[in-house]
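Residue numbering restarts at 1 for every chain, and letters A, B, ... go by the order of the sequence lines.
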Amino acid sequence: MADNRDALKTTDWQSASDAVLLHAAGERNQQAFAVLVARYHTQVYRVAWRLNGGHVDTDDIAQETFLKLWNNPAQLREAAALKGWLMRVASNLVMDRYRQKPMAELDEAFDVVDTTLSAPAMLDQNYVTKTIDAAIAALPDRQKLALALVHFEHMTNIAAAAAMEISVDALESLLARARRGLKDKLGSNGRQLLAVLATQGQT
Amino acid sequence: MMNTQNTKRALSDQELDQLLDSASHPMPALDFEARLLARLNVEVQPGNVVVLSVRARSKIWLASLPLAASLILGLWLGTSDKASTLLPFSSDTVSQSISALLPSDRTSTLYSLPEDTQS
């Protein structure tokens, strides 16, 4: 693998595998690290955003996640587990900040959606999005993370369970509870939201 | 009536998926990568584990040597009864100290034997 790595020119990093990039990043190659960042930063950012309810700290958390990888690449033993490792570090950083910061600050992230709004006011895609985001944000952390990894980041149950360091059964249980919780939270309002989406789709 | 029942029915999995698809898909700022790469050369985050160096340990042992020597010397002096020869008073330093503090008649009362035993 070292020979392959030596043969790579700087322009070849884009097509290099995670394993090659990770090894090169471990040797302080910033170009290789930049390619890794480009590959995963959107997903890391989205998971952090989903977990902390869109708080302004999201950007900082995503950056800190990659800095941890840069400063100590030896923490990651298998390149195949890179994505899961990044997700785990990001989620841990979010949860650490939740413990340190008062919840009042985080509550500012979402406007509380008024479910008693009249029908005309609800005819808005933005309202639907906000309502769904708020319902997800209200879920317990572990359920939120499971939903973010599987539904929004399209990870397999096995990969998501590995990222969360739990069994697949436990992950499926979290997902089922998350979905049930969302259905309960959205309640009858969920069907109205679907009607809004259908209206938006027709226009 | 039909419409009300339809509204109250719980969401199906497909309907929930449809709603979840309409959730936000946030994107990081365009300069995210540039800012991160700029931080690489600046920040060196401290590790979680602090390793004590060998040198630091040897210093701790060095500091303990005089203490250990003092303890051994104290034990040796105490057990071999050599300390009394080193002191300016007799070996009964406690009684000497008390007699120095108390008036002479009081001291004699304290240390005098009962009359019946004297006889």
Side-chain angles (χ1 to χ4, degrees), chain A residues 25 28 30-31 33-35 37-38 41-46 48-50 54 58-60 62-68 70-72 75 110 125-126 128-137 147-148 151-152 178-180 182-184 186-198 200, chain B residues 1-69 71:
Chain A
R28 322 308 284 169
Q30 289 196 10
Q31 286 174 322
F33 186 73
V35 176
V37 173
H41 79 286
T42 304
Q43 295 163 59
V44 169
Y45 181 89
R46 276 201 304 245
W49 188 95
R50 187 62 65 196
T58 305
D59 190 85
D60 193 41
Q63 294 222 349
E64 213 175 306
T65 304
F66 284 101
L67 283 174
K68 278 187 181 291
W70 173 254
N71 290 326
N72 197 357
Q75 289 179 70
F110 279 118
Q125 169 76 41
N126 193 35
V128 177
T129 302
K130 276 193 169 185
T131 307
I132 303 298
D133 286 344
I136 296 169
L147 195 71
H151 187 89
F152 293 106
R179 294 178 73 87
R180 199 162 52 240
L182 282 175
K183 285 177 185 176
D184 290 344
L186 294 169
S188 59
N189 199 26
R191 211 161 291 283
Q192 289 175 309
L193 296 174
L194 282 170
V196 173
L197 286 179
Q200 295 285 321
Chain B
M1 182 70 180
M2 188 76 174
N3 192 25
T4 311
Q5 283 178 343
N6 190 40
T7 306
K8 284 184 178 176
R9 185 168 54 85
L11 288 169
S12 68
D13 283 338
Q14 282 181 336
E15 288 170 330
L16 181 63
D17 285 338
Q18 201 180 337
L19 286 174
L20 284 174
D21 288 342
S22 69
S24 296
H25 292 279
M27 293 294 287
L30 291 174
D31 62 344
F32 179 92
E33 292 174 65
R35 280 186 291 115
L36 175 61
L37 294 176
R39 287 173 71 179
L40 293 186
N41 296 322
V42 179
E43 291 201 24
V44 178
Q45 294 190 337
N48 292 333
V49 180
V50 178
V51 181
L52 289 172
S53 66
V54 177
R55 193 175 172 186
R57 276 190 181 201
S58 67
K59 279 183 181 173
I60 293 169
W61 281 108
L62 278 176
S64 69
L65 281 177
L67 292 171
L71 177 67

If you take all heavy atoms of [X] and [Y], which pair is closest and at what distance?
X	Y	result
B:Ala23	A:Ile136	CB-CD1, 4.2 Å
A:Ala38	B:Glu33	CB-OE1, 3.4 Å
B:Leu11	A:Lys183	O-CE, 3.3 Å

**Asked** Taking 4.0 angstrom as the limit, do B:Arg35 and A:Asp60 come out as a salt bridge?
**Response** no

**Prompt:** Does any non-hydrogen side-chain atom of A:Leu67 lie less than 4.5 Å from one of B:Leu40?
**Reply:**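 Yes, side chains in contact.
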
So how far is it from [X] [atom1] to [Y] [atom2], rounded to the nearest 0.5 Å?
X	Y	atom1	atom2	result
A:Leu182	B:Leu19	CG	CG	9.0 Å
B:Met27	A:Trp49	CE	CH2	13.0 Å
B:Leu16	A:Leu194	CG	CG	9.0 Å
A:Arg180	B:Asp13	CZ	CG	11.0 Å

**Message:** Given 3.5 Å as the limit, does a donor-acceptor pair link the side chain of A:Thr129 with the main chain of B:Ser22, or not?
**Reply:**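 Looks like yes, one N/O pair under 3.5 Å.
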
**Message:** Any side-chain to backbone donor/acceptor pair from A:Arg50 onto B:Ser24? Under 3.5 Å, distance only.
**Reply:**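 Yes, the answer is positive, given that a donor and an acceptor are paired below the 3.5 Å cut-off.
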
**Prompt:** For atom CG of B:Leu71, is the number of surrounding heavy atoms from other residues, nucleotides or ligands below 6.0 Å larger than 12?
**Reply:**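 Check passes, neighbour count above 12.
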
**Asked** If you count heavy-atom pairs under 4.5 Å between each of A:Thr42, A:Asp59, A:Val37, A:Asp184 and chain B, which one has the most?
**Response**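 Between A:Thr42, A:Asp59, A:Val37, A:Asp184, the count favours A:Asp59.
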
**Request:** Check ring pair (Phe, Tyr, Trp, His ring centres under 6.0 Å) between A:Phe152 and all other residues, then give those that pass, not counting sequence neighbours.
**Result:**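 Testing A:Phe152 for ring pair (Phe, Tyr, Trp, His ring centres under 6.0 Å), a comparison that skips the adjacent residues, returns none.
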
